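Here's the structure, in structure tokens; my notes come after.
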There are 2 protein chains.
Amino acid sequence: MTQDYDKRPDDLRIDNLKIDDLRRAFRRQGLRLTPQKVTVWRLFADSTKGLTLPEACRALQEYAIGQATVYRVVNSLCELGFLLHIHGPNGEHRYLAGHSGHVHHLICRTCGHVREVTDCDLSTLEKLLAAQTGFAVEGHHLEFYGQCPRCTPLPG
Amino acid sequence: MTQDYDKRPDDLRIDNLKIDDLRRAFRRQGLRLTPQKVTVWRLFADSTKGLTLPEACRALQEYAIGQATVYRVVNSLCELGFLLHIHGPNGEHRYLAGHSGHVHHLICRTCGHVREVTDCDLSTLEKLLAAQTGFAVEGHHLEFYGQCPRCTPLPG
DNA sequence: CACCTTTATGATAATTTTTCTCAATGACTC
DNA sequence: GAGTCATTGAGAAAAATTATCATAAAGGTG
């Protein structure tokens, strides 16, 4: 019998549609969806600032998920595009759930708060670069840094 | 007597003007310029793809520079803006000498070759974001990924 | 629903990367 | 040239990442 995914802890909510997306994506690679994978996904989906791998390992100890699993699952989720990597205030690698399609991030250097940025049209620039350099440009990674409204000192 | 910086190995060239820049930058922070720092800088200045910290440590063993020093100097060079961090084909953190002012990079996913990109005008976008989000946008990090001319399969 | 094949898991160990400590060295100022 | 104080490298320690392998279980099949 298939594992009952509804027995999840209340503090990690996720909609069932997303679970189906996850299952389909894993299946396409010949991989299986397991409760551990769902729990890992939920942890990231609920995080607004993203998590480092060690942070995720610590948080998931509560759910008895081993660190080897955390590393494996995070890698898979990245490859499947469910997680994106961003850089925290100290340059550390953090993983963040990508809720939309192609997005970028605005990261507060003080508190690490992250806001998604959806307007970005770099296609003109990419074409120009391709013409100038001969590279076949396949994509880009763009992050903005600054101070979020709560961390911005008031002017004056 | 001040150390003779001309006794450097022939395979790591650097112009003396840059050494003066380094000295001034370190001095401004109350730090001292040492032959080790210059050697570390030269290693990076000669690398076209950037180096990870462990790679740099291995390469600098030849010059009897301890790893603690490599980590410290790379950090300083980053803070002073002489080194930039980029992400290699496998997502690993690499440090690259910044030869110009504000630049971005076009990184080959196959061979890791890096080309600098100097045209970038994101100031309009930054202003728009600031207005939309309330963030005080201070900067950005932009990387393009693709295949360099030598790694691009010929069309057809 | 029970079976079966194959992937996934977690404990553990091993490896790699990063940080810390401290005595000795040496850069830079006067 | 002397003194001050940042710097260095060896080594230990801590932290992060990867590898191994016996056991558990997902998901297809009869």
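Because the structure is predicted, anything quoted here is derived from the model rather than measured. Below, read A as the first sequence line, B as the second, and so on, with proteins coming before strands; counting in each chain starts at 1.
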What's the [atom1]-[atom2] distance between [X] and [N], to the nearest Å?
X	N	atom1	atom2	result
A/Arg28	C/dT7	CZ	C1'	18 Å
B/His93	C/dT16	NE2	C1'	17 Å
B/Glu55	C/dT16	CD	C1'	13 Å
A/Leu33	D/dG28	CG	P	12 Å
B/Leu60	D/dT7	CG	P	17 Å
A/Gln61	C/dG10	CD	C1'	12 Å
B/Ile19	C/dA27	CD1	C1'	15 Å
A/Asp20	D/dG27	CG	C1'	15 Å

Sorted by number, residues from residues 82-92 of chain A placing a heavy atom under 4.0 Å from DNA chain D are none
Within the structure provided, determine whether [X] and [Y] are in side-chain contact (heavy-atom separation under 4.5 Å).
X	Y	value
B/Arg115	B/Val117	no
A/Leu33	A/Ile19	yes
A/Arg58	A/Pro54	yes
B/Phe26	B/Thr34	no
A/Thr152	B/Phe135	no

Scan nucleotides 4-6 of chain D against the protein and return all N/O pairs shorter than 3.5 Å with their distances rounded to 0.1 Å.
residue, atom, partner, partner atom, Å
D/dC5, O2, B/Arg32, NH1, 3.0
D/dC5, O2, B/Arg32, NH2, 3.3

Bend of the helix from C/dC1-D/dG30 to C/dC30-D/dG1 from end-axis comparison, five pairs per end, nearest 10°, comes to 50°
task = Please work out which of the three classes, parallel, tilted or perpendicular, describes the rings of A/Phe44 and A/Tyr95, given edges at 30° and 60°.
result = perpendicular
What is the ring orientation for A/His87 with B/His87, classed by angle as parallel under 30°, tilted 30 to 60°, or perpendicular over 60°?
parallel
Closest to the side chain of B/Leu53, out of D/dT17, C/dA27, C/dT18, is C/dT18
- Message: One pair to check against side-chain contact (heavy atoms from CB on, under 4.5 Å): B/Tyr71 and B/Cys57. What are the steps and the verdict?
- Response: CA-CA 8 Å; B/Tyr71 275 79; B/Cys57 288; 3.7 Å; yes
Are [X] and [N] close enough that a side-chain N or O sits under 4.0 Å from OP1 or OP2?
X	N	value
B/Arg23	C/dA27	no
B/Gln67	D/dG9	no
B/Thr34	D/dT8	yes

Nearest-0.5 Å distance, [atom1] of residue [X] to [atom2] of residue [Y]:
X	Y	atom1	atom2	value
B/Leu129	A/Leu106	CG	CG	5.5 Å
B/Leu60	B/Gln67	CG	CD	11.5 Å
B/Leu96	B/Cys78	CG	SG	10.5 Å

The side-chain hydrogen bond (donor to acceptor under 3.5 Å, both in side chains) partners of A/His140 (sequence neighbours excluded) come to A/His102, A/His104, A/Glu126
Exercise. Between A/Tyr63 and A/Leu43, is a side-chain contact (heavy atoms from CB on, under 4.5 Å) present by the stated rule, with each step listed?
Worked result: CA-CA 11 Å; A/Tyr63 304 107; A/Leu43 175 70; 5.9 Å; no
Sorted by chain and number, sequence neighbours left out, side chain to side chain contact (heavy atoms under 4.5 Å, CB included) with A/Ser47 holds for A/Leu51
Expected list for residues 68-75 of chain A near DNA chain C, using heavy atoms below 4.0 Å, is A/Ala68, A/Thr69, A/Arg72
